[in-house]
Amino acid sequence: MSTHSAPTGQPDDRRNGALPQSALPLGDVAAWKWTCERLIPSTTDEGKRLLDEVIRRLGEHSWQEMEIFGVHLAIEEALVNAIKHGNGYDEKKSVRVICKISPDRLFIEIEDEGKGFDPRNVPDCTDDDRLEVPSGRGLMLMRNFMSSVEFLNRGNCVVMEKRRA
Amino acid sequence: MADHRRLQVDKQGKVSVVRFADRKILDEANIQQIGQELFQLVEGEGCKNLLLNFTDVEFLSSAALGKLITLDKKIKSQGGNLKLTNIRPEIFEVFVITRLNRLFDIRPDEADALAAF
């Protein structure tokens, strides 16, 4: 059962009018050197293709290798969350990705059709008694390598930004 | 000796030194296969002491970390030792962020790691 709304051209009412603070400069269209909005099927290959393109674009806009590493890892983890945990590899379900890149900033929004989750309920993977649990580290890596990570809707949409130092 | 397609295994005394064929340890199918090959070394071939050399690895995801944790448990249950070496700084940061540098014995180079078994 999908409650997913029309994936493209939808107004921002799903945010209930409350744009994340970090996303405000989005209106400054001229600042972005590359933007894309894609609807991809829930497969690892499609996710990889999109991610490879984003990484290539970062390189073209003079992002350094170390910075790209962290962004790459954060987007990889977010895409796996959407494709695997959100949409369960169901190719009939889509992942919607909006990405914008400038020489000093990256914005990415990734939305799946899953039931979402409450990030406040994700336990801290660095607790002593959780150190040997083999899963649950993606969110922490995303938060560490990005400047901001926010979840929208029912938790099925993640908005991340990276601002270069 | 089993066929290790994603690993290169080199016996050095009582220690099996493992290198990875992949520069990026990322997608699930790949990680599953690497995991199976590592588990086969420990459980199938009785290699209790493993040294994983990450010298050619440029990237790994949280799913790969999960496999390493499971491998560590299997090795400990057999009374063996797992050590990691030649991890590049950006990947080492991933271990630090997740505090897995406290779980794993991480050494700067292979000679140092071998001497510590």
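Chain identifiers are assigned alphabetically (A, B, ...) following the order of the sequence lines, protein sequences preceding nucleic acid strands; residue numbering begins at 1 within each chain. Basis for what follows: all heavy atoms, side chains included, without hydrogens, waters or symmetry-related copies.
- Within 6.0 Å of CZ in A:R56 there are more than 12 heavy atoms belonging to other residues, nucleotides or ligands.
- Rounding to the nearest 0.5 angstrom, the gap separating the OH atom in A:Y89 from the CD atom in B:E28 is 3.5 Å.
- Crowding of B:Q12 atom CD: a count of heavy atoms from other residues, nucleotides or ligands under 6.0 Å exceeding 12.
- Judged purely by distance below 3.5 Å, without hydrogens or angles, the side chains of A:E76 and B:S61 never pair a donor atom with an acceptor atom.
- Both A:M160 and A:V122 belong to a single network of hydrophobic side chains, linked directly or stepwise wherever heavy atoms of I, L, V, M, F, W or Y lie under 4.5 Å apart.
- No path of Ile, Leu, Val, Met, Phe, Trp and Tyr side chains, each step under 4.5 Å between heavy atoms, connects A:M146 with A:L152, placing them in separate hydrophobic clusters.
- Within 6.0 Å of CZ on A:R164 lie more than 12 heavy atoms contributed by other residues, nucleotides or ligands.
- Residues of residues 128-138 of chain A that come closer than 4.5 Å to chain B, counting heavy atoms only, are A:D128, A:L131, A:E132, A:V133, A:P134, A:R137, A:G138, ordered by residue number.
- Within residues 67-82 of chain B, the residues approaching chain A closer than 4.5 Å by heavy atoms are, in numerical order, B:I69, B:T70, B:K73.
- Hydrophobic clustering of Ile, Leu, Val, Met, Phe, Trp and Tyr side chains at less than 4.5 Å, counting indirect connections, keeps A:L106 apart from A:I98.
- Hydrophobic clustering (side-chain heavy atoms under 4.5 Å, transitive across Ile, Leu, Val, Met, Phe, Trp, Tyr) keeps A:L73 apart from A:V158.
- Cluster membership check: B:V15 does not share its hydrophobic cluster with B:I106, using side-chain heavy-atom separations under 4.5 Å among Ile, Leu, Val, Met, Phe, Trp and Tyr.
- B:F59 meets the ring pair (Phe, Tyr, Trp, His ring centres under 6.0 Å) test with A:F69, A:H72; sequence neighbours excluded.
- Of the two parts of A:T44, only the side chain, counted from C-beta on, holds a non-hydrogen atom closer than 4.5 Å to a non-hydrogen atom of chain B.
- Contact annotation for residues 91-98 of chain B against chain A (heavy-atom separation below 4.5 Å, listed by residue number): B:I91, B:E93, B:V94, B:I97, B:T98.
- Distance CD1/A:I83 to CG/B:D27: 10.5 Å, rounded to 0.5 Å.
- Among B:A29, B:G66, B:A63, the residue making the largest number of heavy-atom pairs under 4.5 Å with chain A is B:G66.
- At a 4.5 Å heavy-atom cutoff, the contact between A:K84 and chain B is made by side-chain atoms alone.
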